[in-house]
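Everything quoted here is computed from the prediction, not taken from an experiment.
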Amino acid sequence: MEFAVFILLLLIALALASPFIGVLSFVVELLAAFAGLMVRAVRALIGSLRRTAARDRGNDCDRADRGDR
């Protein structure tokens with residue numbers, strides 16, 4: 001009997017908490033989307049910096065070949 005009352009109270013608590021769980025789920029999804037965008041932005045920035053560094057290294061090699069230092 002006590003177990004049945006416990007289950008009933010648990011179901012009532014879950015029913016009362018369900019709107020808050022939905023809001024919490026929505027907030028977590030927004031945070032995950034924002035984190036995904038930040039990861040993409042950082043990866044793009046790193047790629048841009050790598051391309052710039054490679055281009056600069058290529059220019060330095062060209063100058064050394066020509067003796068323009």
Side-chain angles (χ1 to χ4, degrees):
M1 183 67 183
E2 292 173 3
F3 185 70
V5 172
F6 174 73
I7 295 296
L8 183 61
L9 289 175
L10 189 62
L11 288 174
I12 291 171
L14 186 61
L16 291 174
S18 63
F20 300 108
I21 292 171
V23 169
L24 183 63
S25 174
F26 179 71
V27 169
V28 168
E29 284 187 33
L30 283 179
L31 289 174
F34 181 72
L37 288 175
M38 293 304 297
V39 167
R40 290 182 67 177
V42 168
R43 284 183 177 173
L45 179 64
I46 290 171
S48 175
L49 291 173
R50 283 183 177 172
R51 284 189 298 273
T52 301
R55 188 170 51 237
D56 288 345
R57 281 193 303 269
N59 288 343
D60 289 343
C61 292
D62 292 342
R63 281 190 220 121
D65 291 341
R66 291 189 313 248
D68 288 348
R69 293 211 177 228

Within this structure, what is the [atom1]-[atom2] distance for the pair [X] and [Y], rounded to the nearest 0.5 Å?
X: Phe3; Y: Leu8; atom1: CZ; atom2: CG; value: 12.0 Å
X: Leu49; Y: Asp56; atom1: CG; atom2: CG; value: 10.5 Å
X: Arg51; Y: Ile46; atom1: CZ; atom2: CD1; value: 11.5 Å
X: Thr52; Y: Arg57; atom1: OG1; atom2: CZ; value: 10.5 Å
X: Leu9; Y: Glu2; atom1: CG; atom2: CD; value: 11.5 Å

Cluster check Val5, Leu10: I/L/V/M/F/W/Y, side chain < 4.5 angstrom: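 In one cluster: no.
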
Backbone N/O of Ile21 and side chain of Ser25: donor-acceptor pair under 3.5 Å: no

